[in-house]
Amino acid sequence: MSQLTIQGEYIFNRQEMVTGFNFMAYGKFDFFFSYGASDRTATGTFSVEGNTIKLKSDKEPGKDFTITSQLKAGTGYSIKFKDDNKYLLTNIRCSFFIGSERHDEFTDENGEIKVVYPHCDKIFVFHALFPDMVTLVKDENNEN
């Protein structure tokens, strides 16, 4: 195989799911995936080694969520997620670590989580529909 022989579009379509790759001659790829309410896209580069296509995504691991503001007030922790698609606000899991103990909480229908833990060391978030990688939103050095 060579890069020239794999260039082109490859589509898989089955009932509610459709996914595809577009491999370009200059070593770039586009990817899409759609299943029900879950749509994903990716871009990156590829290389061919023997009979293996190796993909390198442009996406940075652990950067699925963006923190737009932080505030330290009162006790416990409150996290609010925002998205135009209200369906995506549910099924977000937050893992609160207190030492080695892990406590999982899920967002409500408004994309909010409120817990009364007086202190936690780390907080990770993860969306059940997009299980790429967890995103660290609080580490041991962040008291906010």
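As the structure is a computational prediction, the values presented were derived from the model and not from experiment.
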Which distance, rounded to the nearest 0.5 Å, do you find between the [atom1] of [X] and the [atom2] of [Y]?
{"X": "H127", "Y": "N91", "atom1": "NE2", "atom2": "CG", "answer": "6.0 Å"}
{"X": "L88", "Y": "D83", "atom1": "CG", "atom2": "CG", "answer": "5.0 Å"}
{"X": "T45", "Y": "K28", "atom1": "OG1", "atom2": "NZ", "answer": "6.5 Å"}
{"X": "M24", "Y": "Q7", "atom1": "CE", "atom2": "CD", "answer": "10.0 Å"}
{"X": "H119", "Y": "D121", "atom1": "NE2", "atom2": "CG", "answer": "4.0 Å"}
{"X": "E112", "Y": "F81", "atom1": "CD", "atom2": "CZ", "answer": "10.5 Å"}

- Item | Check: D108 side chain, N110 main-chain N or O, donor-acceptor pair, under 3.5 Å |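 Between the backbone of N110 and the side chain of D108 there is a qualifying donor-acceptor contact (under 3.5 Å).
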- Check: Y77 side chain, C120 main-chain N or O, donor-acceptor pair, under 3.5 Å: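 Confirmed, Y77 side chain pairs with C120 backbone.
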So which heavy atom on [X] is nearest to which on [Y], and how close?
{"X": "F124", "Y": "V134", "answer": "CD2-CG2, 3.7 Å"}
{"X": "L136", "Y": "K122", "answer": "CD1-CB, 4.4 Å"}
{"X": "S34", "Y": "D39", "answer": "OG-OD1, 2.6 Å"}
{"X": "C94", "Y": "I113", "answer": "SG-CD1, 3.1 Å"}

- Pairwise side-chain contact, T41 with D30, heavy-atom cut-off 4.5 Å (strictly under):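 In short, these two side chains do not touch, never coming nearer than 4.5 Å.
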- Task: Evaluate the side-chain proximity of D139 to F97: yes if any heavy-atom separation is below 4.5 Å, no if none is.
- Result: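 SC-SC contact between F97 and D139 ruled out.
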State plainly whether one hydrophobic cluster holds both [X] and [Y], where clusters connect Ile, Leu, Val, Met, Phe, Trp and Tyr through side-chain heavy atoms under 4.5 angstrom apart.
{"X": "F33", "Y": "F12", "result": "yes"}
{"X": "V116", "Y": "I123", "result": "no"}
{"X": "F32", "Y": "M17", "result": "no"}

- Item | Distance-only polar pair, side chains of S95 and D104, donor-acceptor under 3.5 Å |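 Yes - a donor-acceptor pair under 3.5 Å links their side chains.
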- Under 3.5 Å, is there a donor-acceptor pair linking the side chains of H103 and E105?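 Checked: H103/E105 side chains show no N/O donor-acceptor pair below 3.5 Å.
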- For Y10, all residues meeting ring-ring contact (aromatic ring centres under 6.0 Å, His included), sequence neighbours excluded: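 Expected list: F23.
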- Apply side chain to side chain contact (heavy atoms under 4.5 Å, CB included) to Y117 and I98, showing your working. CA-CA 9 Å; Y117 309 127; I98 303 167; 4.0 Å; yes
- Task: Determine, using ring centers only, whether F29 and F46 are less than 6.0 Å apart.
- Result: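 Ring centres of F29 and F46 not closer than 6.0 Å.
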- Task: Report yes or no: is the cationic atom of R93 (NZ for Lys, CZ for Arg) under 6.0 Å from the centre of the six-membered ring of F126, at an angle within 45° of the ring normal?
- Result: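 Here R93 passes the 6.0 Å and 45° test against F126.
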- Tell me, with the steps shown, if I53 and F21 meet side chain to side chain contact (heavy atoms under 4.5 Å, CB included). CA-CA 12 Å; I53 301 170; F21 280 94; over 6 Å; no
